[in-house]
Amino acid sequence: QVQLVESGGGSVQAGDSLRLSCAASGRTFSWSAMAWFRQATGKEREFAAGISQSGAKTRYSDSVKGRFTISRDNAKNTAYLQLNSLKPEDTAVYYCAADYDSFLVNVPIAGEDYEYWGQGTQVTVSS
């Protein structure tokens with residue numbers, strides 16, 4: 001079984017930055033594609049960013065591209081999401097997810113492709 005624990009959320013002003021962390025345990029971390037999804041109140045969960053097993057490939061949604069950066073440290077079993085130039089519309093619960101069925105550089109964007117999920121961390125951005 002895989003456990004994912006997010007941290008780093010908080011309440012910030014528009015234009016500020018945050019770094020989210022996702023600590024993984026239970027299986028070999030470097031075998032998984034990792035992703036960050038987010039869900040705002042009253043809205044569906046949406047893909048924000050994803051990274052392949054080695055980190056060679058990343059994908060971003062149009063709404064965060066150029067402002068958010070996903071990375072991973074396989075030696076530390078941790079994935080990160082750097083959030084810059086935050087906007088009020090970025091307010092959401094952010095979840096990290098792991099997919100152990102993807103091949104090498106594949107980075108799925110559909111939530112149903114990810115087998116393991118963290119509990120989420122709240123990010124609130126005020127104007």
Side-chain angles (χ1 to χ4, degrees):
Q1 192 63 285
V2 173
Q3 291 79 45
L4 302 175
V5 179
E6 302 98 333
S7 61
S11 296
V12 297
Q13 299 287 321
D16 285 351
S17 298
L18 281 173
R19 188 174 84 153
L20 307 183
S21 298
C22 174
S25 61
R27 288 182 66 177
T28 303
F29 181 68
S30 60
W31 293 355
S32 67
M34 298 295 296
W36 289 91
F37 289 77
R38 65 184 185 180
Q39 186 168 22
T41 302
K43 295 187 177 181
E44 293 187 354
R45 182 183 62 194
E46 64 172 358
F47 172 86
I51 189 167
S52 61
Q53 295 175 5
S54 68
K57 181 176 179 179
T58 57
R59 299 181 72 176
Y60 297 93
S61 67
D62 289 342
S63 60
V64 309
K65 192 176 298 181
R67 299 186 299 121
F68 293 7
T69 303
I70 189 170
S71 61
R72 66 190 297 160
D73 186 336
N74 287 346
K76 295 183 177 179
N77 294 343
T78 302
Y80 304 96
L81 186 67
Q82 178 68 39
L83 293 69
N84 294 333
S85 302
L86 282 161
K87 304 175 181 179
E89 51 263 44
D90 294 318
T91 296
V93 178
Y94 284 71
Y95 299 91
C96 72
D99 170 26
Y100 280 85
D101 290 334
S102 288
F103 181 71
L104 294 178
V105 296
N106 190 39
V107 182
I109 63 172
E112 51 264 35
D113 289 328
Y114 290 84
E115 303 88 62
Y116 303 101
W117 293 80
Q119 82 289 348
T121 186
Q122 176 71 46
V123 172
T124 302
V125 185
S126 56
S127 57

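Just so you know, these numbers use all the heavy atoms, side chains as well, and skip hydrogens, waters and symmetry mates.
- To the nearest 0.5 Å, atom OG of residue Ser102 and atom CH2 of residue Trp31 are 15.0 Å apart.
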Which side-chain N or O atoms in residues 12-23 pair as donor and acceptor under 3.5 Å with protein atoms at least two apart or in another chain?
from  : atom 1 : to     : atom 2 : distance (Å)
Gln13 : NE2    : Ser126 : OG     : 3.3
Asp16 : OD2    : Gln13  : N      : 3.1
Ser17 : OG     : Asn84  : OD1    : 2.9

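- Of the possible donor and acceptor atoms, one in the side chain of Tyr114 sits under 3.5 Å from a partner among the backbone N and O of Pro108.
- The hydrophobic cluster containing Tyr116 also contains Tyr94, counting ILVMFWY residues as joined when their side-chain heavy atoms lie under 4.5 angstrom apart, directly or transitively.
- Evaluation of the salt bridge (Lys or Arg N to Asp or Glu O under 4.0 Å) test over residues 49-58, restricted to residues two or more places apart or in two chains, returns none.
- For the residue pair Ala49 and Leu81, the shortest heavy atom distance occurs at CB-CD1, 3.9 Å.
- Residues in residues 69-89 take part in no salt bridge (Lys or Arg N to Asp or Glu O under 4.0 Å) pair, two or more places apart or across chains.
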Next item on the list: Kindly indicate, with the supporting measurements, whether the criterion ring-ring contact (aromatic ring centres under 6.0 Å, His included) is fulfilled by Phe47 and Trp36.
Entry: CA-CA 6 Å; Phe47 172 86; Trp36 289 91; over 10 Å; no

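- Side-chain atoms of Met34 and Tyr80, non-hydrogen and from C-beta on, never get closer than 4.5 Å to each other.
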Next item on the list: Just do the side-chain contact (heavy atoms from CB on, under 4.5 Å) check on Trp117 and Arg45 with the steps written out, would you?
Entry: CA-CA 13 Å; Trp117 293 80; Arg45 182 183 62 194; 3.4 Å; yes

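- For Glu115, there are no salt bridge (Lys or Arg N to Asp or Glu O under 4.0 Å) partners, not counting sequence neighbours.
- Put simply, the side chain of Gln119 does not reach to within 4.5 Å of the side chain of Leu4, judged on heavy atoms.
- Put simply, the side chain of Ser25 reaches to within 4.5 Å of the side chain of Gln3, judged on heavy atoms.
- Listed by chain and residue number, nothing satisfies the ring pair (Phe, Tyr, Trp, His ring centres under 6.0 Å) test with Phe68 (two or more places apart in sequence, or in another chain).
- Both Ile51 and Leu83 sit in one connected hydrophobic cluster of ILVMFWY residues. Membership requires side-chain heavy atoms under 4.5 Å apart, directly or through other members.
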Margin query: Working note: Ile109 + Val107, criterion side-chain contact (heavy atoms from CB on, under 4.5 Å); need CA distance, chi angles, decisive distance, verdict.
Written below: CA-CA 7 Å; Ile109 63 172; Val107 182; 5.6 Å; no

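- A distance-only check finds a donor-acceptor pair linking the side chain of Ser32 to the backbone of Phe29 [under 3.5 Å].
- The closest side-chain donor-acceptor pair between Thr28 and Ser30, if any, does not fall under 3.5 angstrom.
- At least one side-chain heavy atom of Val2 sits less than 4.5 Å from a side-chain heavy atom of Tyr100.
- Listed by first then second residue, pairs satisfying salt bridge (Lys or Arg N to Asp or Glu O under 4.0 Å) with a partner in residues 25-40 read Arg38-Glu46, Arg38-Asp90, not counting sequence neighbours.
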Note to self: side-chain contact (heavy atoms from CB on, under 4.5 Å), that's the test. Do Tyr60 and Arg67 meet it? Break it down for me.
What the structure shows: CA-CA 10 Å; Tyr60 297 93; Arg67 299 186 299 121; over 6 Å; no

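- For the pair Ser52 and Ala56, the tightest heavy-atom approach, listed with the atom from each and the gap, is OG-N, 3.3 Å.
- Taking 4.5 Å as the limit, every side-chain heavy atom of Tyr95 sits out of range of all side-chain heavy atoms of Thr121.
- Side-chain contact between Asn106 and Leu104: absent, with no pair of heavy atoms (C-beta onward) separated by less than 4.5 Å.
- A donor-acceptor distance shorter than 3.5 angstrom exists from the side chain of Glu6 to the backbone of Gly120, with no hydrogens or angles considered.
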